[in-house]
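The structure under discussion appears below in the form of structure tokens.
Every chain is numbered from 1 and lettered A, B, ... according to where its sequence line falls, protein lines coming before strand lines.
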Amino acid sequence: MEWFGGGFILGLIAIPVFLAFARFFGLYACVGECQAHVFTLFGKVIGTIDEPGLQVPVMKFGPRALLVPFFGKSYVVSTALRQHYLRNQMVNSEEGTPMGVGIWYEMRVTDPESYLFTNANPDGSLQANVTSSTISTLSNLEMEKMLEDRHSLSRTVRATVSPLSEKWGYTLGSVYIRKVAFTDQVMVDNITEKVVKRLVQVTSAMKQDGENRVGLIKSETAYRVSQKMAEASAARPMIVGKALNEISAADDEILETVLSVMEIDTLLKSEASIDLLPSSGNLLLQIGR
Amino acid sequence: MLLIGLIAGLIVYSFFRCGVGGFYTVSPDQRAVVTSFGKAERLREVASTELGDDAMTSEEQHRYEYPQVRVVGPGGPYFKLPWQQVHKVSVATQAVDLSWDPSKAQDTIEAVTKDNLTTGINGQLRYRVSESNLYPYLFGVTSPLEHVMGYFVSVLRERVANFVDPKGQTLLADEELEAADGESSGPAVDLSEGVSINDLRKNLPLLNQYMEEQCRSTTARYGIELDAALITEIDPPTEVDRALSAINSTRNQVAADLSTARADSEQQITMSARAVEIATNNAQAEVAPLRELAGTLSEIKQNGGSPALKAYVRNAKIPLYQAAHRVVQTIDSNATK
């Protein structure tokens, strides 16, 4: 029974232990996606495996791969896309304005061997290069260009930094000027004040324009109303005069008669006190007194 | 016994390693990619071209080339071998604040407008992991969401710095003002110059639309599809905000004044037109009896000539004698002698 127990435990751990030994002795390597394994032996790089999947170094590098666990080392390098954001890089515009610039860039390791051994601090060196290139590209540019044309400037930075970074096993991905900001608070306040003044000016202009438009509407209205009222006043003389003219043109006597009849009718309707007098003027005057 | 125990141990290990530990399920909001010895099964070496990568240059397309891998859909139980590993990822739509930055705590992101005004922007980015391009999200990019945010914020800030109202000088040429007097005032005053913060606020939907268009390439770049980019807040400094409020109040006041003036105008013009109609009708009413009487008298004259007319007049005068208080009648002197 003891033998069975011992054998059972041995059976449980046999496979993991066997695999651990195999891995330790470099009999196989599982290379993940976007990973590279760099093998060194006696201070020399014997090769790199960047093909994902199950790999057997002995088949690629020969029997010397078996010595790597004892006299060398296997490095695992991620080749996935990484990113870094460099905040507040100080630059001066052409006008002398101090500005803070944020640079965001992507990079991936494309040469793991160079990445590991060419530069002791490739990340720091890349940051320094991007910073340096950014400052040299953006300094002494017009502030407006710096603010509005940042993508093309980003491409310039990338083109400048890429050759240097490739020496260290890096390939620079996209580079973007992510932030351009004013660092001087007094300047920020001045700009704010300028915008406020501009807005106040707009408000005044808008109000004045509104008053002008209202004034225009009122004056146009007065003009049109005046025209209409004049038309109304002229309606009676025009219509009555036209009618009298027509009657007169047809027969003068008819017009005289019509007016006489109208006068008589109106006189009767007026209920005025009526004195009928002969046509002698002198007598009329005497009676009137 | 040792051998039997060894075999039993191997069987138990294999049972738990391959049997019990080999089954897995994928929930409805998840997708999975299985790797064998670390390698994902590829469907093709370059992902589909229908991932919005037409928004990238050919150089960028080359940089963001990723293989298309086999994706395990929701369901199960699925079985995996001991040397396989399952990478699950949620493809449900998720949201993140625009101000999210893993390396800095902030409530809003700053952006400089075309008129150099520093303003705060906030909003929400809705995204989901692209099922059709899982490789970059799972393997190709170290921190995909940070990349998306970095790209998005860069594009946003440049857009804010360049933004002008596409409709031009509209501060005074609003439709309401146009309608108020019925004619365009024309670009009399270039008032919108220097107030791009106003343009930004008025054109938020346009800005959001632009951002969505620009960020279509994130699917091909980072395996993340942007569902929506919602910029909800543009917060200028308080004093600018107050000045903007004053503009809006004035605009409303001007619109109200114009509307009132137009209404008054219409009323007065209508009333004056009525006055013309009234005067015309009164004059017509005055003329109508003249014409009628003239027509009647013409007929009388046609039949009886001038004497008939005179007779008519004399007849018309007769009622005067009834109404007269006094009549002075002259007598013929020859007759009294």
task = Apply side-chain contact (heavy atoms from CB on, under 4.5 Å) to Y135(B) and C34(A), showing your working.
result = CA-CA 10 Å; Y135(B) 187 92; C34(A) 293; 3.5 Å; yes

task = Decide yes or no on salt bridge (charged side-chain N to carboxylate O under 4.0 Å, His left out) for E33(A) and K39(B), but give the supporting numbers first.
result = CA-CA 6 Å; E33(A) 293 287 352; K39(B) 182 178 184 178; over 6 Å; no

request  = Inspect the surroundings of CZ in R224(A) and state if more than 12 heavy atoms from other residues, nucleotides or ligands are less than 6.0 Å away.
outcome  = no

ask   = With only heavy atoms counted, which part of K301(B) is less than 4.5 Å from chain A, the side chain, the backbone, both or neither?
value = side chain

key: Portion of L244(B) that has a non-hydrogen atom of chain A nearer than 4.5 angstrom   = both

key: V160(B), part contacting chain A, at a heavy-atom distance under 4.5 Å   = neither

ask   = Looking only at heavy atoms, what is the nearest atom pair of L268(A) and A323(B), with distance?
value = CD2-CB, 4.4 Å

query = Are any of the side-chain nitrogens in K207(A) or D257(B) under 4.0 Å away from the carboxylate oxygens of its partner?
reply = no

key: Under 4.5 Å from any heavy atom of chain B - which part of V31(A)   = backbone

request  = Could you have a look at V188(A), V261(A), T221(A) and say which one has the most heavy-atom pairs with chain B under 4.5 angstrom?
outcome  = T221(A)

key: R42(B) portion near chain A, given a 4.5 angstrom heavy-atom threshold   = side chain

query = For E51(A), is it the side chain, the backbone, both or neither that has a heavy atom under 4.5 Å from a heavy atom of chain B?
reply = side chain

key: E158(B), part contacting chain A, at a heavy-atom distance under 4.5 Å   = both

ask   = What residue, out of P319(B), A283(B), P289(B), has the most heavy-atom pairs lying under 4.5 Å from chain A?
value = A283(B)

task = Check whether the side chains of E106(A) and Y222(B) place a donor and an acceptor atom closer than 3.5 Å, and report yes or no.
result = yes

ask   = Side chains of L81(A) and Y64(B): does their closest heavy-atom pair fall under 4.5 Å?
value = yes

Shortest non-hydrogen contact from G140(B) toward R108(A) = O-NH2, 4.2 Å

message = Looking at chain B, which one of M238(A), K179(A), E246(A) has the largest number of heavy-atom pairs inside 4.5 Å, strictly under?
response = K179(A)

key: Contacting region of L10(A) [heavy-atom separation from chain B under 4.5 Å]   = both

request  = Would you mind checking which part of P237(B) comes under 4.5 Å of any heavy atom in chain A, side chain (CB onward), backbone (N, CA, C, O), both or neither?
outcome  = side chain

query = Does any donor atom in the side chain of T192(A) or E239(B) lie under 3.5 Å from an acceptor atom in the other side chain?
reply = no

message = Take a 6.0 Å sphere around CE of M271(B) and say whether it holds more than 12 heavy atoms from other residues, nucleotides or ligands.
response = no

ask   = In terms of side-chain heavy atoms, does S174(A) have a donor or acceptor partner in R63(B) at a distance below 3.5 Å?
value = yes

request  = Report the distance from atom CD of Q83(A) to atom NE2 of H147(B), rounding to the nearest 0.5 Å.
outcome  = 4.5 Å

request  = Below 4.5 Å from any heavy atom of chain B, which atoms of L244(A) appear? Answer side chain, backbone, both or neither.
outcome  = side chain

query = Measuring from T203(A):OG1 to N248(B):CG, what's the distance to the nearest 0.5 Å?
reply = 9.0 Å

key: Carboxylate-amine/guanidinium proximity below 4.0 Å for D101(B) and R178(A)   = yes

Atom group of L267(A) that falls short of 4.5 Å from chain B, counting heavy atoms = side chain

note = Scored by heavy-atom pairs under 4.5 Å with chain A, the best of I109(B), T113(B), I278(B), V141(B) is V141(B)

key: Side chain / backbone / both / neither for T118(B) at chain A, heavy atoms under 4.5 Å   = side chain

query = Under a 4.5 Å heavy-atom cut-off, does chain B meet the side chain of M187(A), its backbone, both or neither?
reply = neither

ask   = For D251(A), is it the side chain, the backbone, both or neither that has a heavy atom under 4.5 Å from a heavy atom of chain B?
value = side chain

task = Sort Y312(B) into side chain, backbone, both or neither according to what part of it lies under 4.5 angstrom from a heavy atom of chain A.
result = side chain

note = chain A shares the most heavy-atom pairs under 4.5 Å, among V155(B), I4(B), N162(B), with N162(B)

task = Kindly indicate whether the side chain of K104(B), heavy atoms from C-beta on, has any atom under 4.5 Å from the side chain of R87(A).
result = yes

note = When every non-hydrogen atom of I254(A) is compared with those of A294(B), the smallest separation belongs to CG2-O, 3.7 Å

message = Given heavy-atom pairs under 4.5 angstrom as the criterion, report whether the side chain, backbone, both or neither of S273(A) touches chain B.
response = both

message = So, taking the atom named CD1 in I269(B) and the one named NZ in K228(A), what distance separates them when rounded to the nearest 0.5 Å?
response = 9.0 Å

task = Against chain B, label E211(A) side chain, backbone, both or neither, depending on which of its atoms sit under 4.5 Å from a heavy atom there.
result = neither

query = What residue in A181(A), P16(A), S78(A) has the most heavy-atom pairs under 4.5 Å with chain B?
reply = P16(A)

ask   = Where on T296(B) is there a heavy atom nearer than 4.5 Å to chain A: the side chain, the backbone, both, or neither?
value = neither

key: M143(A) and N116(B), any side-chain heavy atoms less than 4.5 Å apart   = yes

ask   = With a 4.5 Å limit on heavy-atom distance, are the side chains of V313(B) and T257(A) in contact?
value = yes

query = Side chains of F37(B) and P52(A): does their closest heavy-atom pair fall under 4.5 Å?
reply = no

query = V180(A) versus chain B, heavy atoms under 4.5 Å apart: side chain, backbone, both or neither?
reply = backbone

query = Of the non-hydrogen atoms in A279(B) and A232(A), which two are nearest, and what is the gap between them?
reply = CB-O, 3.0 Å

inquiry  = If you count heavy-atom pairs within less than 4.5 Å of chain B, which of E144(A), R158(A), E263(A) leads?
reply    = R158(A)

message = Is R221(B) in contact with chain A via its backbone, its side chain, both, or neither, using a 4.5 Å heavy-atom distance?
response = side chain

query = Roughly how far, to the nearest 0.5 Å, is CG of L54(A) from OG of S36(B)?
reply = 10.0 Å

Greater than 12 external heavy atoms within 6.0 Å of E271(A)'s CD = no

Distance in Å, I247(B) CD1 paired with R198(A) CZ, rounded so as to fall on 0.5 Å steps = 9.5 Å

query = For T260(B), is it the side chain, the backbone, both, or neither that has a heavy atom closer than 4.5 Å to a heavy atom of chain A?
reply = neither

query = Given a strict heavy-atom distance threshold of 4.5 Å, which part of I103(A) is in contact with chain B: side chain, backbone, both, or neither?
reply = neither

note = Between T142(B) and A80(A) the two heavy atoms that sit nearest each other are OG1-CB, 3.8 Å

ask   = How long is the span from the CD atom in E253(A) to the OG atom in S298(B), to the nearest 0.5 Å?
value = 10.0 Å

ask   = Considering only heavy atoms from C-beta outward, does the side chain of R236(A) approach that of N282(B) to under 4.5 Å?
value = no

ask   = Shortest non-hydrogen contact from A261(B) to I217(A)?
value = O-CG2, 3.6 Å

